[in-house]
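Every chain is numbered from 1, with letters handed out A, B, ... down the list of sequences. Worth knowing before you read on, the calculation uses all heavy atoms, side chains too, and leaves out hydrogens, waters and symmetry mates.
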Protein chains: 2
Amino acid sequence: MSPSADPVTLHNRVLAELGPSIAAGAYAAGHVFTLDRLERDYGVSRTVAREAVRVLESMRLVVSRPRTGVRVLPREEWSVFDPQLIRWRLAGPDRMDQLRSLTGLRAAVEPVAAAAAAQRATAPQRARLTDLNRRMAAFGEAGDLDSFLRLDIEFHRMILELSGNEMFAGLSDVVAEVLRGRTAHDLMPDHPRPEALRLHAHVASAIDSGLPSVADAAMRAIVTEVVEALDGLDAYAGTGP
Amino acid sequence: MSPSADPVTLHNRVLAELGPSIAAGAYAAGHVFTLDRLERDYGVSRTVAREAVRVLESMRLVVSRPRTGVRVLPREEWSVFDPQLIRWRLAGPDRMDQLRSLTGLRAAVEPVAAAAAAQRATAPQRARLTDLNRRMAAFGEAGDLDSFLRLDIEFHRMILELSGNEMFAGLSDVVAEVLRGRTAHDLMPDHPRPEALRLHAHVASAIDSGLPSVADAAMRAIVTEVVEALDGLDAYAGTGP
DNA sequence: CCGACACATTGGTCATACGATTCAGAATAT
DNA sequence: ATATTCTGAATCGTATGACCAATGTGTCGG
């Protein structure tokens, strides 16, 4: 389905095991690996171990220094916008914190993006968005969560891209991970809430009509609802005192 | 000065040449390198060439496939939030587009972060921010642009961190790059504009007083001013028709 | 004209060796 | 006893050469 899936190479395999462990906090900041250790643990050659480490280093999960080894960096150093790292963390124990942070980001960006889209979208783009919304609603009402998710992702992606801001567009993978993460980890009801469907329709309609402030408000309502849903879960499975 | 500067290794050297070229668009999407070619061009071994490619691949600038080679990906695929990629692009010909996108992102995020900071900051944090602002203003009035820049970066970083949202905090390096980029590429006046200094003081004061909506508005004014400054430069060196 | 098969090209992986760096601890001088 | 210098081990950094696996290309036969 994905246009360019990562090839299943050995270093990707190592990365797929080592990355999530570190992201999950299995090794405290300051913990040190040696390459030799990684070679033996994963049964790979120095070449492969080094390439995996090199990628982890580029996301600032670790630093590699002679005589010291490969040291795990504190969380604050991590490149938290790396989609791969986000995926790893959403699969791990910080899932809820991660979702909360990401939702805060969405709340800041998506309304602005929707407003920009309402100003810039061309006629065929508006039509496509409207149609997308219509099909999305149909799947939502039918309770086909998988198809709904697929179109929901596409809906948000399209708006972020229509904003004309490359950085906003660059968040579409992040938003997709969040939406996917919510469904994959059973944080979604059986049917999307009707209120949410209506709000999505409002966004599509506002963009179609070229009303930036309405698009902003409707999108803001969507993400606000998500924030509240997360807080609700918190009260339910509270980690607090 | 930097707590953990990247070591000057051979693969970092290759990366520092190859990365900016690709980021600058010197190779069209679809252009193909071979590892052999890279080895000869940079006079390095396969090991080193591969590691550089692996990092470029992790930022989705290229994909590497057997029998094909290392193919440059279209811009839309790039991990535009990677601080290293941002630095490369700010040094290249897309500088203005890049600054515009990044400023749009700042405009969406920083006001929200300032509001959150006004709600959450502890007393000593508020004091430190106020002091930071005072010293910043002094350097600004004295026309010491380097010191001003350093504190300006720290000011914005502190607010993003005080927001309590990890993703916002993760943007502090990006914002730092933007601020540094503006100064390094002569997009700043000799003295910071007094209006800008006043607005920064308002932000600090609003956070100190625990007034989220005031902090939001003042920060919004700061970034709005930056947006307008950029548009002004556009009119000046217009690329349009 | 079309399809099947052999071949050449290219990245992926491995094993090994040596160099460069740096931290630790011993040896030495004060 | 303390400070300083030096020696050495540990570890990453880099290079080399070889082989494997996958895949596009071109040829040959129908």
Quiz prompt | B/Arg50 CZ - C/dT10 P separation (whole Å) | solution = 15 Å
Quiz item: Could you state the CZ-P distance from B/Arg13 to D/dG13, rounded to the nearest angstrom?
Solution: 16 Å
Practice problem: Check for a donor-acceptor pair, side chain of A/Arg71 on one end and backbone N or O of A/Gly30 on the other, with a separation under 3.5 Å. | Solution: no
Practice problem: Side chain of B/Leu10 only, please: which of C/dT13, D/dA15, C/dG11 is the nearest? | Solution: D/dA15
Quiz item: If only side-chain N and O atoms of B/Arg46 are considered, is one of them under 4.0 Å from the OP1 or OP2 phosphate oxygen of C/dT10?
Solution: no
Quiz prompt | Whole-Å distance separating the CG atom of A/Leu35 from the C1' atom of C/dA15 | solution = 15 Å
Quiz item: Across the strands shown, which category fits B/Thr47 at heavy-atom distances under 4.0 angstrom: base, sugar-phosphate, nothing?
Solution: base
Quiz item: Is it true that B/Arg150 and B/Asp146 have a side-chain N and a carboxylate O under 4.0 angstrom from each other?
Solution: no
Self-check item: Minimum-distance nucleotide to A/Arg67 side chain [options: D/dG13, D/dT25, D/dA10]
Solution: D/dA10
Quiz item: Rounded to whole angstrom units, what separation is found between the CD atom of B/Glu51 and the P atom of C/dG11?
Solution: 16 Å
Self-check item: 5′-ward residue of the pair A/Val44/A/Arg65 relative to DNA chain C
Solution: A/Val44
Exercise. Work out which heavy atom in A/Leu85 is nearest to a heavy atom in A/Val80; give both atom names and the distance.
Key: CD2-CA, 4.2 Å
Practice problem: Have a look at B/Arg54 and say if it touches a base, only the backbone sugar-phosphate, or nothing, with a 4.0 Å heavy-atom cut-off. | Solution: sugar-phosphate
Practice problem: For A/Ala52 and A/Val14, work out which heavy atoms get closest and say how close. | Solution: CB-CG1, 3.8 Å
Quiz item: What is the distance, rounded to the nearest whole Å, between atom OH of B/Tyr42 and atom C1' of D/dT14?
Solution: 18 Å
Exercise. Check whether any side-chain N or O of B/Ser64 sits under 4.0 Å from OP1 or OP2 of C/dG12, and answer yes or no.
Key: yes
Exercise. With DNA chain D as reference, determine whether A/Thr34 or B/Gly43 sits nearer its 5' end, using the nearest nucleotide of each.
Key: A/Thr34
Quiz item: Rounded to whole angstroms, how far apart are CG on B/Asp36 and P on C/dA8?
Solution: 18 Å
Exercise. Choose from D/dC12, D/dT14, C/dC14 the nucleotide whose nearest atom is closest to any side-chain atom of B/Thr9.
Key: D/dT14
Quiz prompt | Whole-Å gap separating P (C/dG12) and CG (A/Leu15) | solution = 14 Å
Quiz item: What's the CZ-C1' distance between A/Arg40 and C/dA15, to the nearest Å?
Solution: 16 Å
Quiz item: Do other residues, nucleotides or ligands put more than 12 heavy atoms under 6.0 Å from A/Arg128 CZ?
Solution: no
Quiz item: Is A/His11 near enough to C/dT13 that one of its side-chain N or O atoms lies under 4.0 angstrom from OP1 or OP2?
Solution: yes
